[in-house]
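In what follows, a structure is listed as structure tokens, so that the remarks can point back to it.
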2 protein chains.
Amino acid sequence: MEIDEIIDTIYPLTSTSKDLIKKSILQTKLPKGHTLFKANKIETRIYFIKKGIARAYAYSEDNQITFWFGKEGDPIVSMQNYVNNQKGYEDVELLEDCELYELKTEKLQKLFLEDIQIANWGRKFSELELIKSEERLISLQFNTATERYLALLKNYPSIIQRVQLSHIASYLGITQVSLSRIRAKLK
Amino acid sequence: MEIDEIIDTIYPLTSTSKDLIKKSILQTKLPKGHTLFKANKIETRIYFIKKGIARAYAYSEDNQITFWFGKEGDPIVSMQNYVNNQKGYEDVELLEDCELYELKTEKLQKLFLEDIQIANWGRKFSELELIKSEERLISLQFNTATERYLALLKNYPSIIQRVQLSHIASYLGITQVSLSRIRAKLK
DNA sequence: GAAACTATTTAACAAATGATAAAAAAGAAA
DNA sequence: TTTCTTTTTTATCATTTGTTAAATAGTTTC
């Protein structure tokens with residue numbers, strides 16, 4: 001997905017303001033398996049996915065638990081870093097070869113203070129992420145594992161081809177064995 | 001909690017900008033049991049809690065599931081209404097007699113477009129809510145019901161005096177019977 | 001204080017999920 | 001293809017949680 005579409009989908013900007021953002025954006029290609037963010041590190045960048053797919057995970061005891069997937073058009077942000085300039089608790093790993101748009105947080109923060117349109121773009125960005133987060137929260141709290149699995153398939157059918165089931169299981173809040181049982185029952 | 005402190009804790013404003021917000025704010029007192037927001041309705045206001053406590057809940061089949069508590073200093077916002085001008089899925093009910101600061105969403109939206117400081121205040125507001133939402137999500141996905149219960153007690157000890165256990169149970173994602181068992185084991 | 005109502009706990013059984021190990025299937029590499 | 005490695009499924013048993021119903025505790029009302 002092209003950067004113009006990504007920016008405008010969040011909040012449409014005049015070309016002057018959009019150019020101010022775009023001037024700060026670089027493009028990079030990174031291979032499958034690359035770790036984009038490390039837990040307990042200050043991250044100074046955010047990304048948007050042009051092509052590819054990624055996951056964020058953290059450790060609980062010894063095992064990784066995936067709590068976020070990102071695909072074309074999605075932002076990759078460590079929120080603790082972005083909002084509070086604090087170390088995050090998550091690793092972000094690329095699950096395919098990726099093309100990314102890269103943006104220094106510091107530059108964006110500066111633009112927020114200089115350009116009211118960009119400030120409102122940043123506001124909308126967080127509002128939309130907040131809606132997504134609340135939806136996930138409700139789905140975890142209200143629905144059974146089977147319902148969450150079916151909803152994921154419905155919202156994002158191709159995830160099953162692109163991401164291995166162990167990651168999907170932990171994203172759903174269950175073990176891989178349990179997901180396997182759910183899938184067997186649905187047949 | 002006073003409105004100046006609530007506003008400044010989110011993002012400190014010059015008095016000029018703060019006054020612009022405060023000019024749009026009314027104070028109301030509403031009794032325990034009052035329903036502030038109704039599901040499937042367009043809500044045109046947001047609130048901040050000066051005094052009291054509230055919960056947001058939605059229905060799953062026939063039973064209410066509480067997914068949010070707010071206390072002194074917290075905002076009361078139906079996010080679907082606030083962000084997308086769409087009907088929300090939640091009722092918000094006051095659990096004590098409350099004193100609230102009331103603000104028309106429309107007026108705030110206007111200020112966002114006119115005052116860059118307020119736009120950044122609104123940005124920060126959503127960022128902070130997003131951090132809270134992500135923390136809850138992680139706690140639901142990573143921790144056991146017992147751990148979530150203990151964490152809630154630690155973060156907010158007095159909740160146990162102010163809110164009945166059936167609401168706390170559904171907030172934790174379990175039944176009241178299950179919470180009762182957890183409490184019995186902890187003794 | 002007694003009665004009525006609401007909230008919380010306890011009990012018994014069913015269903016779902018976790019943990020561990022082993023088998024089967026799928027994919028990658030030689 | 002054949003071998004090796006990784007991923008997914010299946011099986012078994014323990015633990016947790018859900019469901020329903022009844023008992024207890026706590027509040028409110030008269």
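Being a predicted model, the structure only gives us computed values, none of them experimental. Chain letters run A, B, ... following the sequence lines, proteins first and then strands; every chain starts at 1.
- Between the NZ atom of A:Lys32 and the P atom of D:dT6 there is a distance of 13 Å, rounded to whole Å.
- The aromatic rings of A:Trp121 and A:Phe125 lie parallel to each other, their planes meeting at an angle below 30°, with 60° marking the opposite boundary.
- At whole-Å resolution of the value, OH in A:Tyr149 and P in C:dT17 are 14 Å apart.
- Atom CD1 of B:Ile182 and atom P of C:dT9 are 12 Å apart (whole Å).
- Between the P atom of D:dT17 and the CD atom of B:Glu147 lies a distance of 10 Å, rounded to the nearest Å.
- Taking the six-membered ring for Trp, B:Phe67 and B:Tyr171 have ring centres at least 6.0 Å apart.
- Separating the CD1 atom of B:Ile160 from the C1' atom of D:dG26 is a distance of 16 Å, rounded to the nearest angstrom.
- Classification of the A:Tyr82-A:Phe112 ring pair by plane angle, with boundaries at 30° and 60°, yields perpendicular.
- Between A:Gln64 atom CD and D:dT7 atom P there is a gap of 11 Å when expressed in whole angstrom units.
- A distance-only check finds no donor-acceptor pair linking the side chain of B:Arg55 to the backbone of B:Val92 [under 3.5 Å].
- Of the residues listed (B:Glu5, B:Glu96, B:Glu99, B:Glu72), the one engaging B:Lys50 in a salt bridge (Lys or Arg N to Asp or Glu O under 4.0 Å) is B:Glu99, and it is the only one.
- At the phosphate of C:dT17, neither OP1 nor OP2 sits under 4.0 Å from any side-chain N or O atom of A:Thr175.
- With rounding to whole Å, B:Ile168 atom CD1 is found 10 Å from C:dT9 atom P.
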For nucleotides 8-15 of chain D, which of its nitrogen or oxygen atoms have a protein nitrogen or oxygen under 3.5 Å away, and what is each distance?
residue	atom	partner	partner atom	Å
D:dT8	OP1	A:Leu165	N	3.1
D:dT8	OP2	A:Leu165	N	3.1
D:dT8	OP2	A:Ser166	N	3.4
D:dT9	OP1	A:Arg183	NE	3.2
D:dT9	OP1	A:Arg183	NH2	3.1
D:dT9	OP2	A:Ser180	OG	3.0
D:dT9	O5'	A:Ser180	OG	3.0

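- For the pair A:Glu61 CD and C:dG18 P, the computed distance is 14 Å after rounding to whole Å.
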Under the criterion side-chain contact (heavy atoms from CB on, under 4.5 Å), I'd like the reasoning laid out for B:Leu95 against B:Lys32: C-alpha separation, chi angles, the key distance, then a yes or no. CA-CA 5 Å; B:Leu95 300 175; B:Lys32 174 173 173 171; 5.9 Å; no
